[in-house]
A.B. asks: 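Below you'll find the structure I mean.
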Amino acid sequence: MSDIQREKVLIIGSGPAGYTAAIYAARAELEPVMLAGLQFGGQLMLTTEVENFPGFPEGVTGPDLMEMFQKQAERFGTRVLMEDAIRVDFSKRPFQVETESQKFEADAVVLATGASAKWIGLPSEQRLMNQGVSACATCDGALYRDKPMAVVGGGDTAIEEALFLTRYAPKVTLIHRRDELRASKILAERARKNEKIEFAWNARVAEVLGDEFVTGVRLEDVHSGKTRDIVVEALFIAIGHEPNTGIFRDQIALDDTGYIKVDPGTSRTNVEGVFACGDAMDPTYRQAITAAGRGCMAAIDCERWLAEEEAG
Ligand code: NAP
């Protein structure tokens, strides 16, 4: 391990939240260092076409968008390191952050580690990712206009996604492993009343069908084990998200589901000098543009806090 590096601002995570925080912090001459992680770029790296990010009327691919974020952050002096933070200590100042190869001390830290969609775990699901398999109806639904689609899950997200997809799809099959929804009554009722939504109860996805693109889904009845195939051209997995906050567990306040708690309307965590933005603190909106907005808030909060600290 090399000598400890002292930084003013360390940003952990490299999705839209982290990069926006970096752009603002760099322009404020805070010379931020970003630990972008080995899987840099966040969830947008798993998306093909992004059509709802303002400023791109023709759409942009997720990886292209993230490359632009990175260039813009670097242009103003952000140092981007493709390393994962593996240990943090926020109990004393300067804060300590470690990667496999380096130790950092930082006056302020911005947490932007995002969240990961949960997947079913089938090889066919992995193989057909972005070829019909997606974890975001808002992002990808319009790509499959006029095609039959399916959503897996029985929570609020699954129902919201199924309802959203009825704008485009002639039919949406909601695949749920039980015969009762977990979703709130109002959403469940709305889905039941929607003629385009069909329910596949007590069903699990045994296989996603298709060579290059999704052509269907093999469903298995959880009780009888019987299988049947349905024709769909898109499969949206909506079985929950997990915030990537494991390494912060004993360091800052998290809610019951692991999301970072912030003071309402700010990016301030319960540790002064540690700020949070993006999907790691937002279970509700989870959009690139809202994460970017939160990243901007974190950089501004951070800059003001550092100025106050310096002024004593
Ligand atoms: P969730 O409430 O945890 O629901 C996940 C769903 O996926 C459950 O129905 C679960 O089945 C199913 N599931 C989990 N693992 C599975 C697997 N391996 N295979 C098949 N099915 C699986 O997650 P969420 O719907 O993303 O919601 C997360 C939180 O955000 C919730 O608190 C929710 O209320 C909130 N939210 C609110 C709104 C809103 O109010 N408009 C919108 C979206 C989200 P079981 O039911 O059998 O466990």
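Whatever order the structure lists them in is the order used to number ligands and atoms, beginning at 1.
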A.B. asks: Atom 9 (O) of ligand 1: which protein heavy atom is closest, and how many Å away?
C.D. replies: G154 N, 3.0 Å
A.B. asks: Near R228 CZ, under 6.0 Å, is it more than 12 heavy atoms from other residues, nucleotides or ligands?
C.D. replies: no
A.B. asks: Output, in order, the C-alpha distance, side-chain angles, deciding distance and verdict of salt bridge (Lys or Arg N to Asp or Glu O under 4.0 Å) for E98 and R87.
C.D. replies: CA-CA 5 Å; E98 268 180 53; R87 207 165 296 116; 2.7 Å; yes
A.B. asks: Looking at atom 31 (C) of ligand 1, what's its closest protein heavy atom, distance included?
C.D. replies: D156 OD2, 4.7 Å
A.B. asks: What part of K118 sits under 4.0 Å from ligand 1 if we count only heavy atoms: the side chain, the backbone, both or neither?
C.D. replies: neither
A.B. asks: Should the pair R182-D156 be classified as a salt bridge under the 4.0 Å nitrogen-to-oxygen rule?
C.D. replies: no
A.B. asks: Please say whether the positively charged group of R145, taken as NZ for Lys or CZ for Arg, lies over the ring of Y168, i.e. under 6.0 angstrom from the six-membered ring centre and within 45 degrees of the axis.
C.D. replies: no
A.B. asks: Please list the nearest protein heavy atom to atom 48 (O) of ligand 1 with its residue and the distance rounded to 0.1 Å.
C.D. replies: R182 NH2, 2.7 Å
A.B. asks: To check your reading of the model: name the closest protein heavy atom to atom 7 (O) of ligand 1, its residue, and the distance in Å.
C.D. replies: I239 CA, 3.4 Å
A.B. asks: Of the protein's non-hydrogen atoms, which lies at the shortest distance from atom 43 (C) of ligand 1, and what is that distance?
C.D. replies: T157 OG1, 3.4 Å
A.B. asks: State whether the shortest distance between N or O atoms of A158 and N or O atoms of ligand 1 falls below 3.5 angstrom.
C.D. replies: no
A.B. asks: Classify the ring geometry of F95 against F90: parallel below 30°, tilted from 30° to 60°, perpendicular beyond 60°.
C.D. replies: perpendicular
A.B. asks: Does an N or O from G153, backbone or side chain, lie closer than 3.5 Å to an N or O of ligand 1?
C.D. replies: no
A.B. asks: With the threshold set at 4.0 Å, does a side-chain nitrogen-carboxylate oxygen contact exist between K171 and E198?
C.D. replies: yes
A.B. asks: Quick one: look up the protein heavy atom nearest atom 46 (O) of ligand 1 and list residue, atom name and how far away it is.
C.D. replies: R178 NH2, 2.8 Å
A.B. asks: If we count only non-hydrogen protein atoms and require a distance under 4.0 Å, does atom 36 (N) of ligand 1 qualify as touching the protein?
C.D. replies: yes
A.B. asks: Any salt bridge linking K71 with E67? Criterion: basic side-chain nitrogen under 4.0 Å from a carboxylate oxygen.
C.D. replies: yes
A.B. asks: So, does H241 sit close enough to ligand 1 that a heavy atom of it is under 4.0 Å from the ligand?
C.D. replies: no
A.B. asks: Got more than 12 heavy atoms from elsewhere within 6.0 Å of NZ, K196?
C.D. replies: yes
A.B. asks: Are any of the side-chain nitrogens in R93 or E309 under 4.0 Å away from the carboxylate oxygens of its partner?
C.D. replies: yes
A.B. asks: Distance below 4.0 Å between atom 5 (C) of ligand 1 and any protein heavy atom?
C.D. replies: yes
A.B. asks: Charged N to carboxylate O below 4.0 Å: is that the case for R79 and E7?
C.D. replies: yes
A.B. asks: Distance to 0.1 Å, residue and atom name: give those for the protein heavy atom nearest to atom 10 (C) of ligand 1.
C.D. replies: R177 NH2, 3.7 Å
A.B. asks: Under 4.0 Å from atom 14 (C) of ligand 1, is there at least one protein heavy atom?
C.D. replies: yes
A.B. asks: Please state which protein non-hydrogen atom is closest to atom 41 (N) of ligand 1 and give its distance, to 0.1 Å?
C.D. replies: E160 OE2, 2.7 Å
